[in-house]
**Student:** 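The structure is given below, and queries will be raised subsequently.
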Amino acid sequence: MSYVDRVLEATKAKNANEPEFLQTVEEVLNSLRPIVENDDKYEKAAILERMVEPEKVHMFRVPWVDDNGKVQINRGYRVQFNSAIGPYKGGLRFQPNVNLSIIKFLGFEQTFKNSLTGLPIGGGKGGADFDPKGKSDAEVMRFCQSFMTELYRYIGIDVDCPAGDMGVGGREIGFLYGQFKRITGRYEAGALSGKGLSYGGSLGRPEATGYGAVYYADEYFKSTGGSLKGKKVSVTGFGNVAWGVCKKLTEYGAIPVTISGPDGYVYDEEGINTEDKIAFLLEMRASNRNEAKMYLEKYPNAKFVAGERPFGKVKADIYMPCAMQNEIRIEEAKAIVAEGTAKDVIEVSNMPTTNEAMKYLQENGIIMQASKAVNAGGVACSSLEMTQNAEHLPWTTEEVDARLQPIMRGIFQNCKNAAEKYGCPGNYVAGANLAGFQKVADAMLEQGLV
Ligand code: GLU
């Protein structure tokens, strides 16, 4: 049995009840064969065995009191996956379905993603099975304060810098930072990112994930001699990332035609490409209703399809899923291929495609781009926020963007080059894994058995 197969088998046996984690490990390790099976130094140093084992896992009780005076208990997590190239870095997700498998999958992906940015950040992720939907500001504050009362022990500028993810935005980061500052008695701004502009946040951070994804896409189309101009794009989600994607796509002359929510999807044939419509996405998010159909209240010409996702159901040249993991399963993959218009799936949300769907799409001529490369603009900008905090100087929007653009364009080039170097040209997903792996593995090899 080959090295990769042995590690996969052992990882499956040890983490049998963690399907999302096993999904990403399987996807990543299979694509690393051209590196790790051609040089036994990786096996001798047990690089893969160490990479699939988080350095530390913190799991903790989060007690808080709701507005009715009732005691609530949630479970909090911080998985510190890999610190070979820098302090742990990655978001916090508050969503009722959060569990150890989901946090480990996200932490594992984050290690490769952060490496791809070229910045000195290791991989980590955290969160809680807390549902922010319908909670009052006071409840969210009490939850965040209780969560931080445990988390503060594990984070810090040179230790671990959490940020937002689904369910954690500016409001939550504010409450978390306030409590962190109070407990530690220090103004350690670089210990959390995604902060508000008045207390150490970076201009451009809220837009960075979506804008970065479009910079990446632009670089990809340029490399093929094409462009985004005139392309119809089916976007899913309608949160912060989908908003940034729609806004930047529009600047490049592409036409976003869908958004989606837990209730179904919206198809606006005329394009979600006016200032008005894009601004309305923010209103929809701020309303806290979490319903895509709200779009029709302002734009009744659009179509709403309840309980479905747009994959294979609309005419689009490109799909850019921006909602959550496993949005594209084998059924959706088959529908995309059967519909026939789309040539590209540019993943934006973390791991939106199941391994089976990925294989089917690639075998049927769809060019895939990996989320860990495409969405790295968010964490890259977080790292730029840490830099600004360290030098006690805020940068202008232009300065931040001038760093973000080359980072995203460089990530695409690295994915492309790695795929070519290791014998799978055009497989940008494998390229992302290979390029992300190389830097982390080199650092681990040089640092000895830790
Ligand atoms: N949660 C985002 C991600 O998936 C951002 C993390 C960060 O800014 O640290 O990369």
Side-chain angles (χ1 to χ4, degrees), residues 20 24 77-83 85-95 98 102-128 132 151 154-157 159-170 172-173 176-177 189-196 200-213 216 237 239-245 321-325 347-352 370-389 400 403-404 407-408 411 432 436:
E20 293 85 0
T24 171
Y77 302 86
R78 187 70 185 167
V79 173
Q80 298 178 322
F81 229 104
N82 193 305
S83 64
I85 63 168
Y88 310 108
K89 178 91 200 79
L92 298 170
R93 178 176 290 194
F94 291 171
Q95 220 184 23
V98 159
I102 288 184
I103 299 298
K104 279 179 68 181
F105 120 63
L106 290 164
F108 185 75
E109 287 272 302
Q110 197 83 41
T111 303
F112 292 82
K113 178 195 311 197
N114 293 2
S115 164
L116 283 169
T117 65
L119 299 167
I121 39 180
K125 202 88 185 191
L151 184 72
Y154 317 122
I155 67 172
I157 294 177
V159 182
D160 185 351
C161 174
D165 196 84
M166 294 168 74
V168 179
E172 289 74 17
I173 294 292
L176 290 164
Y177 186 68
L192 272 179
S193 67
K195 298 181 296 297
S202 174
L203 283 163
R205 176 65 189 87
E207 298 89 342
T209 309
Y211 285 14
Y216 177 102
N240 171 52
V241 176
W243 164 78
V245 164
C322 301
M324 62 187 293
Q325 68 268 7
E347 298 185 328
V348 188
S349 50
N350 288 309
M351 200 171 73
S371 56
K372 59 174 78 65
V374 178
N375 75 22
V379 75
C381 193
S382 272
S383 185
L384 300 179
E385 181 175 331
M386 293 167 79
T387 308
Q388 294 168 68
N389 295 151
V400 174
R403 299 269 189 157
L404 180 64
I407 289 172
M408 296 314 299
I411 291 175

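Counting starts at 1 for both ligands and their atoms, in listed order.
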**Student:** Can you sort out which atoms of ligand 1 are near K125, meaning under 4.0 Å from one of its heavy atoms?
**Tutor:**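 Listed by number with element: 1 (N), 3 (C), 4 (O).
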**Student:** State whether a side-chain donor-acceptor pair under 3.5 Å links Q80 with D160.
**Tutor:** yes
**Student:** Just checking, is any N or O donor in the side chain of Q388 or S202 under 3.5 Å from an acceptor N or O on the other one?
**Tutor:**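 Indeed, the side chains of Q388 and S202 share at least one donor-acceptor pair under 3.5 Å.
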**Student:** Give the numbers and elements of all ligand 1 atoms closer than 4.0 Å to a heavy atom of Q110.
**Tutor:** 3 (C), 4 (O), 10 (O)
**Student:** Hey, is K113 one of the residues with a heavy atom under 4.0 angstrom from ligand 1?
**Tutor:** yes
**Student:** Select one of side chain, backbone, both or neither to describe which atoms of M166 lie under 4.0 Å from any atom of ligand 1, heavy atoms only.
**Tutor:** neither
**Student:** Which atoms form the tightest heavy-atom contact between L151 and P162, and what is the distance?
**Tutor:** CD2-CG, 4.2 Å
**Student:** For a 4.5 angstrom cut-off between non-hydrogen side-chain atoms, does P87 reach C161?
**Tutor:**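 The answer is no, as the side chains (C-beta and beyond) never meet within the 4.5 Å cut-off.
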**Student:** At under 4.0 Å between heavy atoms, is it the side chain or the backbone of R205 that contacts ligand 1, or both, or neither?
**Tutor:**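 The answer is the side chain.
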**Student:** To check your reading of the model: name the closest protein heavy atom to atom 6 (C) of ligand 1, its residue, and the distance in Å.
**Tutor:** G91 N, 3.5 Å
**Student:** Of all the heavy atoms in G164, does at least one lie under 4.0 Å from an atom in ligand 1?
**Tutor:** yes
**Student:** So do the side chains of N389 and K195 get within less than 4.5 Å of each other, counting heavy atoms only?
**Tutor:**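 Result yes, sub-4.5 Å side-chain heavy-atom pair found.
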**Student:** Which heavy atom of V348 sits nearest to which heavy atom of S371, and what is that distance?
**Tutor:** O-CB, 3.9 Å
**Student:** Among protein heavy atoms, which lies nearest atom 1 (N) of ligand 1, and at what distance?
**Tutor:** D165 OD1, 2.7 Å
**Student:** Between ligand 1 and E109, can you find any atom pair, the residue atom being a heavy atom, that is separated by under 4.0 Å?
**Tutor:**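 It does not; every heavy atom stays at 4.0 Å or beyond.
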**Student:** Could you check atom 9 (O) of ligand 1 against the protein and tell me its nearest heavy-atom contact, residue, atom and distance included?
**Tutor:**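 Here the closest protein heavy atom is K89 NZ, 2.7 Å.
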**Student:** Do you know which two heavy atoms are closest between D165 and R93, and how far apart they sit?
**Tutor:** OD2-NE, 2.7 Å
**Student:** Out of K113, Q325, E20, which residue meets the side-chain hydrogen bond (donor to acceptor under 3.5 Å, both in side chains) rule with N350?
**Tutor:** K113
**Student:** Closest heavy-atom contact between N114 and G122?
**Tutor:**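 Distance-wise, the nearest heavy atoms are ND2-O, 2.7 Å.
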**Student:** With heavy-atom distances below 4.0 Å as the criterion, list the atoms of ligand 1 near N350.
**Tutor:** 4 (O)
**Student:** Give the numbers and elements of all ligand 1 atoms closer than 4.0 Å to a heavy atom of A163.
**Tutor:** 7 (C), 8 (O), 9 (O)
**Student:** Just to confirm my output: which protein heavy-atom neighbour is closest to atom 8 (O) of ligand 1, and how far is it?
**Tutor:** S382 OG, 2.5 Å
